[in-house]
Colleague: 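The structure under discussion is supplied below as structure tokens; questions concerning it will follow.
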Amino acid sequence: TRTSRPQRILKAVQRKATVGDPQSVITAIDHFCRHREWAMNVGDEKGSILDSVVSEVSPVTVLELGTYCGYSTVRIARLLPPGACVITLEFNPDYAAIARQVIQWSGLEDKVQLVEGASGDWIPWMKEHFGVQAFDLVFLDHWKERYLPDTKLLEECGLIQKGTVLLADNVICPGTPDYLEYVRNSPRYNSHYYRSHLEYTKAEDGLEKSVFLGY
Ligand SMILES: Cc1ncnc2c1ncn2[C@@H]1O[C@H](/C=C/CNC(=O)c2cc(-c3ccc(F)cc3)cc(O)c2O)C[C@H]1O
Ligand SMILES: [Mg+2]
């Protein structure tokens, strides 16, 4: 049977990228998705904004919701200092299998904990299972209707504390209206919209950065 798009993305990485060189993995995926087949990676333009937020926060523990092929996992992990790590949740086993190989090709497996499962099932276990106190940075890029319930769940589980930064992809396209309304109107968040474009296209999209101000 035909290969899947994630499998074709992995092939492009194995053909064009250098093992142990995260930037070459990012470049290979962006080239493939711009010139061969579009895919829902955060992409190069929004990826640069993600990079600047990661550098500014210099997080020790990062949570990523929605690994897909691991493109943004690699973007985040390549900027983390020794001892810092990103826990990334992916409930599709085929995507998780591809992402593991992409992360391995980039040589960043020591900075990444890929967990196969649904965010709603795993968030309550983060403290106990991974010894996480609170997340310094959360990158939301999974199902758009899960952004708000998972944010509330993270709050309830004490995994969001004063200073935690939430960075949400696709707040315009496909859009996350209930999440946006929540973080922009809540007195407990300071929100900023980074205007950009939907990956590999001219359509508008952007990232919303929301800093938790504490209770
Ligand atoms: C609840 C939960 N737990 C764990 N993993 C979860 C999960 N919900 C989804 N996931 C996993 O994240 C990934 C899903 C991401 C959803 N992202 C999207 O649907 C998405 C869609 C578009 C888009 C824009 C315009 C168009 F015309 C078409 C598509 C662009 C993007 O950047 C996206 O992230 C893969 C999935 O298995
Ligand atoms: Mg996205």
Side-chain angles (χ1 to χ4, degrees), residues 4-10 26 29-30 32-34 36-51 53-54 62-77 86-103 112-126 129-130 132 135 137-157 159 166-180 183 193-210:
S4 70
R5 183 167 303 178
Q7 282 170 325
R8 295 194 290 274
I9 288 173
L10 174 61
I26 292 163
I29 295 174
D30 283 332
F32 180 80
C33 294
R34 188 174 289 281
R36 291 274 180 282
E37 288 185 70
W38 187 91
M40 59 182 177
N41 317 116
V42 74
D44 46 358
E45 193 180 325
K46 287 186 291 179
S48 301
I49 300 167
L50 170 62
D51 290 355
V53 172
V54 173
V62 183
L63 175 64
E64 175 180 63
L65 301 175
T67 316
Y68 186 43
C69 297
Y71 173 89
S72 47
T73 321
V74 168
R75 283 203 84 108
I76 294 166
V86 45
I87 297 172
T88 183
L89 303 186
E90 175 53 60
F91 68 8
N92 179 310
D94 301 323
Y95 295 164
I98 297 293
R100 283 190 205 288
Q101 295 173 80
V102 168
I103 291 158
V112 178
Q113 182 87 274
L114 197 161
V115 178
E116 239 177 275
S119 51
D121 298 339
W122 273 93
I123 285 170
W125 292 101
M126 283 294 153
H129 202 274
F130 295 103
V132 173
F135 288 108
L137 173 67
V138 181
F139 181 55
L140 300 95
D141 195 20
H142 58 334
W143 275 353
K144 308 314 160 193
E145 64 277 8
R146 288 299 311 176
Y147 282 27
L148 183 53
D150 284 344
T151 297
K152 290 183 171 174
L153 184 58
L154 284 162
E155 289 175 2
E156 283 153 26
C157 297
L159 288 162
L166 306 183
L167 188 66
D169 189 26
N170 311 117
V171 296
I172 303 298
C173 179
T176 62
D178 59 344
Y179 171 82
L180 265 194
V183 290
Y193 174 60
Y194 293 87
R195 187 160 188 240
S196 184
H197 295 96
L198 176 67
E199 49 267 29
Y200 319 116
T201 79
K202 294 187 173 13
E204 182 182 348
D205 189 23
L207 301 173
E208 186 83 2
K209 182 181 86 169
S210 307

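Just follow the structure's listing: the first ligand is 1, and inside any ligand the first atom is 1. No hydrogens, no waters, no symmetry mates; every other heavy atom, side chains included, goes into these values.
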Colleague: Please state which option from E116, E64, K144 has its nearest heavy atom closest to atom 20 (C) of ligand 1.
Modeller: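 Among E116, E64, K144, the closest heavy atom to atom 20 (C) of ligand 1 comes from K144.
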Colleague: On the 0 to 90° scale, with breaks at 30° and 60°, tag the F130-W122 ring pair as parallel, tilted or perpendicular.
Modeller: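 Ring orientation, 0 to 90° scale: tilted.
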Colleague: Is there a polar contact between ligand 1 and T67, counting only N or O atoms under 3.5 Å apart?
Modeller: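 T67 vs ligand 1: no N/O contact under 3.5 Å.
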Colleague: Which of the atoms in ligand 1, numbered in the order shown and given with their element, are less than 4.0 Å from a heavy-atom of Y95?
Modeller: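 The list of qualifying atoms is 35 (C), 37 (O).
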Colleague: Look only at interatomic distance and state if R146 has a nitrogen or oxygen under 3.5 Å from any nitrogen or oxygen of ligand 1.
Modeller: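 No; the residue has no nitrogen or oxygen that sits under 3.5 Å from a nitrogen or oxygen of the ligand.
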Colleague: With a 4.0 Å cut-off on heavy atoms, is W38 touching ligand 1?
Modeller: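 Distance cut 4.0 Å: W38 passes for ligand 1.
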Colleague: Does ligand 1 have an atom under 4.0 Å from some heavy atom of G117?
Modeller: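 In this structure, G117 qualifies as a contact of ligand 1 - some heavy atom is under 4.0 Å.
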Colleague: For ligand 1, note which part of L198 has a heavy atom under 4.0 Å away: side chain, backbone, both or neither.
Modeller: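 Side chain only.
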Colleague: If the cut-off is 4.0 Å to any non-hydrogen atom of G66, which atoms of ligand 1 fall inside it?
Modeller: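 Here the atoms of ligand 1 in question are 12 (O).
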Colleague: Could D30 and R34 be called an ion pair, given the rule that one side-chain N must be under 4.0 Å from one carboxylate O?
Modeller: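 No, no charged N to carboxylate O under 4.0 Å.
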Colleague: Applying salt bridge (Lys or Arg N to Asp or Glu O under 4.0 Å), can you list everything that pairs with E204, at least two apart in sequence or on another chain?
Modeller: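 With neighbours one apart ignored, the set is R195.
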Colleague: Would you call R100-E116 a salt bridge at under 4.0 Å N-O?
Modeller: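 Yes, this pair counts.
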Colleague: Would D169 count as a polar contact of ligand 1, with the cut-off being nitrogen or oxygen pairs under 3.5 Å?
Modeller: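 The answer is yes, given that D169 and ligand 1 share an N or O pair closer than 3.5 Å.
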Colleague: Before signing off on this row, confirm whether K46 and ligand 1 have an N or O atom pair separated by under 3.5 Å.
Modeller: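 No, there is no polar N/O contact under 3.5 Å.
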Colleague: N/O of D150 under 3.5 Å from N/O of ligand 1, yes or no?
Modeller: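 It does not: no N or O of D150 is found under 3.5 Å from an N or O of ligand 1.
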Colleague: Check step by step if ring-ring contact (aromatic ring centres under 6.0 Å, His included) holds for H142 and Y147.
Modeller: CA-CA 7 Å; H142 58 334; Y147 282 27; 5.5 Å; yes
Colleague: Within the structure, does F91 bring an N/O atom to less than 3.5 angstrom of an N/O atom in ligand 1?
Modeller: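 Yes - when backbone and side-chain N and O of F91 are compared with those of ligand 1, one distance drops under 3.5 Å.
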Colleague: Are D205 and K202 within salt-bridge range, i.e. N to O under 4.0 Å?
Modeller: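 No, no charged N to carboxylate O under 4.0 Å.
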Colleague: From the options T176, D169, N170, select the one residue that forms a side-chain hydrogen bond (donor to acceptor under 3.5 Å, both in side chains) with K144.
Modeller: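 That would be N170.
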Colleague: Check which protein N, O or S atoms are less than 2.8 Å from the Mg ion (ligand 2) and report how many there are.
Modeller: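 Total protein N/O/S atoms under 2.8 Å from the Mg ion (ligand 2): 3.
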Colleague: State whether the number of non-hydrogen atoms from other residues, nucleotides or ligands found under 6.0 Å of W125 atom CH2 is greater than 12.
Modeller: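 At most 12 heavy atoms, drawn from other residues, nucleotides or ligands, come within 6.0 Å of this atom.
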Colleague: My understanding is that we take every heavy atom of each candidate and find the minimum distance to atom 3 (N) of ligand 1. Doing that for A203, S119, G175, which one comes out nearest?
Modeller: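 Shortest heavy-atom distance from atom 3 (N) of ligand 1: S119.
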